[in-house]
Amino acid sequence: QVQLLESGGGSVQAGGSLRLSCAASALSGDTFTSYCMGWFRQAPGKEREGVAAISTRGTSTYYTDSAKGRFTISRDNSKNTLYLQMNSMKPGDTAMYYCAARRGACAGYWSGVSNYNYWGQGTQVTVSS
């Protein structure tokens with residue numbers, strides 16, 4: 001059972017930045033590089049939505065339109081860690097942010113909640129105006 005632990009959430013004013021991290025563990029005989037990794041978010045009363053994803057080797061990245069140009073997803077496979085750098089943040093970015101792992105490719109699947117095998121517990125991000 002892969003375990004994912006997010007960190008780095010908090011409160012920030014509009015225009016500010018935050019960097020989220022997600023550490024993967026309990027991979028057993030598997031490797032971090034077997035997984036497409038994604039960031040999702042869920043605001044109160046809304047469905048969980050895909051924010052960004054990164055391919056197993058980090059060579060391809062995917063973003064929802066609202067994140068393009070402001071957020072950057074990256075991964076350090078030597079540390080089994082996923083990151084999300086969020087800049088120029090807006091009140092609309094306020095949500096619980098979740099890290100997720102999908103065994104296999106990202107392409108064509110990255111934004112679907114049901115396409116991921118493992119989820120973290122989430123970290124809260126609040127952006128005030």
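Since the structure is predicted, the reported quantities are computational estimates derived from the model, not experimental observations. In what follows, every heavy atom counts, from backbone to side chain, and hydrogens, waters and symmetry copies are set aside.
Judged as a side-chain contact (heavy atoms from CB on, under 4.5 Å), and not counting sequence neighbours, the contacts of Thr31 are Thr33, Ser34. Residues that satisfy the ring-ring contact (aromatic ring centres under 6.0 Å, His included) test with Phe40, not counting sequence neighbours, are Tyr116, Trp119. Judged as a side-chain contact (heavy atoms from CB on, under 4.5 Å), and not counting sequence neighbours, the contacts of Ala95 are Arg41, Ala43, Tyr97. For Ser78, the side chain to side chain donor-acceptor pair (under 3.5 Å) test picks out Asp76, with sequence neighbours left out.
Using a 4.5 Å heavy-atom cutoff, the side chains of Ile73 and Trp39 are in contact. Looking at heavy atoms from C-beta onward, Thr64 lies out of side-chain contact with Phe71 at the 4.5 angstrom threshold. In this structure, Thr72 and Met86 have side chains that are not in contact, with every pair of non-hydrogen atoms separated by 4.5 Å or more. In this structure, Tyr83 and Arg75 have side chains that are not in contact, with every pair of non-hydrogen atoms separated by 4.5 Å or more.
Side chain of Arg70 to backbone of Ser88: a donor-acceptor contact under 3.5 angstrom is found.
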Show me, pair by pair, the donor-acceptor contacts under 3.5 angstrom made by side chains of residues 7-19, not counting sequence neighbours?
residue : atom : partner : partner atom : Å
Ser17   : OG   : Asn87   : OD1          : 2.9

Check: residues 105-115 side-chain donor-acceptor pairs under 3.5 Å, at least two apart:
residue : atom : partner : partner atom : Å
Asn115  : ND2  : Tyr109  : O            : 2.9

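Both Met37 and Leu20 belong to a single network of hydrophobic side chains, linked directly or stepwise wherever heavy atoms of I, L, V, M, F, W or Y lie under 4.5 Å apart.
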* Would you please test Leu84 and Leu82 for side-chain contact (heavy atoms from CB on, under 4.5 Å) and show each step? => CA-CA 7 Å; Leu84 183 68; Leu82 174 73; over 6 Å; no
* To do: Determine, stepwise, if the pair Asp93 / Lys90 fulfils salt bridge (charged side-chain N to carboxylate O under 4.0 Å, His left out).
  => CA-CA 5 Å; Asp93 296 321; Lys90 305 174 182 180; over 6 Å; no
* List the steps, then state whether side-chain contact (heavy atoms from CB on, under 4.5 Å) holds for Tyr62 with Ile54. => CA-CA 6 Å; Tyr62 309 83; Ile54 187 167; over 6 Å; no
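Looking at every heavy atom in both residues, Met96 comes nearest to Gln124 through SD-N, 3.5 Å. Shown here for Val2 and Leu4, the closest heavy-atom pair between the two residues is CG1-CD2, 3.9 Å. Nearest heavy atoms, Tyr63 versus Lys68: O-CE, 3.4 Å.
Residues Tyr35 and Asp30 have side chains that bring a donor and an acceptor to within less than 3.5 angstrom of each other.
With rounding to the nearest 0.5 Å, the separation of OG in Ser55 from CZ in Arg102 is 12.5 Å.
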